[in-house]
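Step one of this worksheet: look at the structure below.
Please read all numbers here as calculations on a predicted model, not as lab measurements. All values below come from the heavy atoms of this structure, side chains included, with hydrogens, waters and symmetry mates left out.
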Amino acid sequence: DIKKQEYAFWNNADFEYSQTDFKVEEYKRPKFEIKFDPVKESYQIEKEVKLTGLAKAFAGSSISNAKVEYHISAKSFVFERGGYYYKNGRIEPISEGKTQTDSSGKFKINFIAKTFEALSKEDLPIVEYITKTTVTDINGETQTAKTAIKVGYHNLVLNASVPNYI
């Protein structure tokens, strides 16, 4: 019987002594958003990385003179057995800081693309730098955004899928 199979869980579930809690809070519609500019340069490990972003109101105006806080962490990938693998399962903090949006709502975050001690240049590592940015406007509203950039000693990674038999 298809009808019986479709609701089999609910027909046998006993909620007589079950309990759940939830909390209702006032919803506040966000007034602005954070967007990161696309990365147009290639970066290498131990060199400076420059990220730029924009805090802009949904109404179209710029969020000027807002506080910007950022935390940068990194996770490494190494080339093994024909592919890149996340190494050690660790995410390490790299940098944190504060800045401010300019009159047009733009902000800049610069940091040195540090590597992990255990990684050597010969292993062709790639390090993914994750930037979590929090912007607080003059009214106290806070918005958060993340972006990630991958950096290595080399500029390109080529992946090719070739059939076993040609």
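Sorted by first and then second residue, the salt bridge (Lys or Arg N to Asp or Glu O under 4.0 Å) pairs involving residues 90-104 (not counting sequence neighbours) are Arg90-Glu92. For residues 54-78, every residue pair satisfying the ring-ring contact (aromatic ring centres under 6.0 Å, His included) rule, not counting sequence neighbours, is listed here: Phe77-Tyr86. Residue pairs meeting the salt bridge (Lys or Arg N to Asp or Glu O under 4.0 Å) criterion with at least one partner in residues 60-79, sequence neighbours excluded, are Lys75-Glu128.
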For Leu51 and Phe107, what are the C-alpha separation, side-chain angles and deciding distance, and is it a side-chain contact (heavy atoms from CB on, under 4.5 Å)?
-> CA-CA 8 Å; Leu51 298 175; Phe107 61 90; over 6 Å; no
Apply side-chain contact (heavy atoms from CB on, under 4.5 Å) to the pair Lys56 and Ile63, showing each step before the final yes or no.
-> CA-CA 5 Å; Lys56 189 168 188 167; Ile63 306 298; 5.6 Å; no
Before giving the answer on side-chain contact (heavy atoms from CB on, under 4.5 Å), spell out for Lys50 and Asn110 the whole-Å C-alpha distance, their side-chain angles and the decisive distance to 0.1 Å.
-> CA-CA 5 Å; Lys50 299 174 184 178; Asn110 298 338; 3.4 Å; yes
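In terms of the side-chain hydrogen bond (donor to acceptor under 3.5 Å, both in side chains) criterion, Ser64 has no residue partners (sequence neighbours excluded). Evaluation of the side-chain contact (heavy atoms from CB on, under 4.5 Å) rule for Val78 yields Glu80, Lys87, Leu119 as partners, not counting sequence neighbours. For Ala113, the side-chain contact (heavy atoms from CB on, under 4.5 Å) partners two or more places apart in sequence, or in a different chain, are Val49, Tyr129, Val151.
With values rounded to the nearest 0.5 angstrom, Thr142 atom OG1 is found 7.5 Å from Asp137 atom CG. Distance OG/Ser73 to CD1/Ile91: 5.5 Å, rounded to 0.5 Å. Here the straight-line distance linking atom NZ of Lys146 with atom OG1 of Thr134 works out to 10.5 Å at 0.5 Å rounding. With values rounded to the nearest 0.5 angstrom, Ile130 atom CD1 is found 9.5 Å from Lys150 atom NZ. Interatomic distance, CZ of Phe36 versus OG1 of Thr133, reported as 3.0 Å (0.5 Å rounding). One distance of note links NZ of Lys35 with CG of Leu54; it measures 8.5 Å at 0.5 Å rounding.
Counting only distance, with no hydrogens or angles, the side chain of Thr101 and the backbone of Asn65 share a donor-acceptor pair below 3.5 Å.
One hydrophobic cluster holds both Tyr43 and Tyr153 under the rule that ILVMFWY side chains link at heavy-atom gaps under 4.5 Å. If you chain together hydrophobic residues whose side chains sit under 4.5 Å apart, Ile34 and Ile149 fall into the same group.
Using a 4.5 Å cut-off on side-chain heavy atoms (C-beta onward), Gln100 and Val68 make no contact.
Annotation for Thr115 and Glu46: closest pair CG2-OE2, 3.2 Å, computed over non-hydrogen atoms. When all heavy atoms of Lys132 and Thr144 are compared, the pair lying nearest together is CE-CG2, 3.6 Å. Between Gly105 and Ser62, the shortest heavy-atom distance links the atoms N-CB, 3.8 Å.
Within 6.0 Å of OH in Tyr165 there are 12 or fewer heavy atoms belonging to other residues, nucleotides or ligands.
Side-chain contact check for Gln143 and Glu141: at least one donor-acceptor pair (N or O, by modelled atom type) lies under 3.5 Å.
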